[in-house]
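Heads up, the thing below is written out as structure tokens.
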Amino acid sequence: MTTRDPRATALARFAALFADETRAACLLALLDGRAWTAGELARHAGVAASTLSEHLGRLVAGGLLTEERQGRHRYVRLADARIAQLVEDLASQVPSGTAVRPRNLRESSAGSAMARGRTCYDHLAGRLGIAVTDALTARGLLEQETGFALTGAGLAWFASVGIGLERRGRRPLARACLDWTERRPHLAGVAGAALCRHALDTGWCVRIGSERAVKVTAVGERALFDLLRVEAAALR
């Protein structure tokens, strides 16, 4: 008789947290890296506030979310970058062609914007994220042969642009994150987060809509071409 691995029950319970459409919708929405109120998430998921509250309780208890209260508002966010990576990795495993088709023009436009450019927790994703990652690699700033790693030239480039790379905890300096729309890896980790933050702070990119979509501005197009030779056509 074989003895069941004692971790099996805990793993099954943890996996069950993802196995609900409402909870999955909340986790995907929170990949924008911001804190959402319970009411905002309820409207996003299309459920009653009381129903959403129960789901959030399970996600917080399971360690996927953290919460804080300000007055009568309850804010939640993903627990950390590790959880964000897990959610994005799971989303990338959904087979192509199995997603629900947009019900109207608004949903179709939102989906196109997300595919064009978005934030993945705290770094750039979509065609924008891939274009930047490819440009960094082509210029010898990022190495992808045996996993993502910044080269010496890459470290110098970040410093020259004025993008600080503050390492905290065990988070890697550079990490590959499989893009769920492009099915290719984009840059994550400390460097990916710093680049995304710089792009938003300097106005290279602006957030659009109520989800994670971002748009490259005219200023951003010029900067990305001057710094990385990224063609504007690749960003649209």
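All heavy atoms count here, side chains included; hydrogens, waters and symmetry mates do not.
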Euclidean distance, [Y] [atom2] relative to [X] [atom1], rounded to 0.5 Å:
{"X": "Leu224", "Y": "Glu231", "atom1": "CG", "atom2": "CD", "value": "11.5 Å"}
{"X": "Glu221", "Y": "Lys215", "atom1": "CD", "atom2": "NZ", "value": "9.0 Å"}
{"X": "Leu78", "Y": "Leu27", "atom1": "CG", "atom2": "CG", "value": "6.5 Å"}
{"X": "Leu141", "Y": "Phe158", "atom1": "CG", "atom2": "CZ", "value": "8.0 Å"}
{"X": "Thr181", "Y": "Met114", "atom1": "OG1", "atom2": "CE", "value": "8.5 Å"}

With sequence neighbours excluded, residues passing ring pair (Phe, Tyr, Trp, His ring centres under 6.0 Å) with Phe18: Phe14
All ring pair (Phe, Tyr, Trp, His ring centres under 6.0 Å) counterparts of His55, not counting sequence neighbours: none
Which pairs of donor and acceptor atoms, one on a side chain in residues 79-86, lie under 3.5 Å apart (sequence neighbours left out)?
unit_1	atom_1	unit_2	atom_2	d
Asp80	OD1	Arg82	N	3.1
Asp80	OD1	Ile83	N	3.0
Gln85	OE1	Arg175	NE	3.4

Does [X] belong to the same Ile/Leu/Val/Met/Phe/Trp/Tyr cluster as [Y], with side-chain heavy atoms less than 4.5 Å apart forming each link?
{"X": "Phe225", "Y": "Val230", "value": "no"}
{"X": "Leu178", "Y": "Leu28", "value": "no"}
{"X": "Val161", "Y": "Val216", "value": "yes"}

Shortest non-hydrogen separation from [X] to [Y] and the atoms involved:
{"X": "Leu30", "Y": "Leu65", "value": "CD1-CD2, 3.5 Å"}
{"X": "Leu17", "Y": "Gly62", "value": "CD1-CA, 3.7 Å"}
{"X": "Val219", "Y": "Gly203", "value": "CB-O, 4.3 Å"}
{"X": "Leu41", "Y": "Leu56", "value": "CD1-CD2, 4.0 Å"}
{"X": "Leu52", "Y": "Ala38", "value": "CD1-O, 3.7 Å"}
{"X": "Tyr75", "Y": "His73", "value": "CE1-CB, 3.7 Å"}

Test side-chain contact (heavy atoms from CB on, under 4.5 Å) applied to Leu136 and Trp157, step by step: CA-CA 10 Å; Leu136 289 168; Trp157 181 86; 4.1 Å; yes
Enclosure of Arg229 CZ (heavy-atom neighbours >12, cutoff 6.0 Å): yes
Can you tell me if [X] uses its side chain to pair, donor with acceptor, with the backbone of [Y] under 3.5 Å?
{"X": "Ser53", "Y": "Ser50", "answer": "no"}
{"X": "Thr151", "Y": "Gly140", "answer": "yes"}
{"X": "Thr217", "Y": "Trp204", "answer": "yes"}
{"X": "Arg183", "Y": "Ser92", "answer": "yes"}

Beyond-backbone contact of Leu227 with Ser160, side-chain heavy atoms, under 4.5 angstrom: no
Any side-chain heavy-atom pair of Leu173 and Leu155 under 4.5 Å: yes
Stepwise side-chain contact (heavy atoms from CB on, under 4.5 Å) check, Arg34 with Arg207: CA-CA 12 Å; Arg34 295 177 288 183; Arg207 296 184 184 276; 3.6 Å; yes
Side chains of residues 185-196: which donor-acceptor partners sit under 3.5 Å, not counting sequence neighbours?
unit_1	atom_1	unit_2	atom_2	d
His186	ND1	Asp179	OD2	2.9
His186	NE2	His123	NE2	3.1

Residues which pass side-chain contact (heavy atoms from CB on, under 4.5 Å) with Arg77, listed by chain and number, not counting sequence neighbours: Ala35, Thr66
Criterion salt bridge (charged side-chain N to carboxylate O under 4.0 Å, His left out) against Asp122, the qualifying member of Arg197, Arg212, Arg171: Arg171
Which pairs of donor and acceptor atoms, one on a side chain in residues 142-150, lie under 3.5 Å apart (sequence neighbours left out)?
unit_1	atom_1	unit_2	atom_2	d
Glu143	OE2	Glu145	N	2.9
Gln144	NE2	Thr137	OG1	2.7

N-O pairing of Arg184 and Asp134 below 4.0 Å: yes
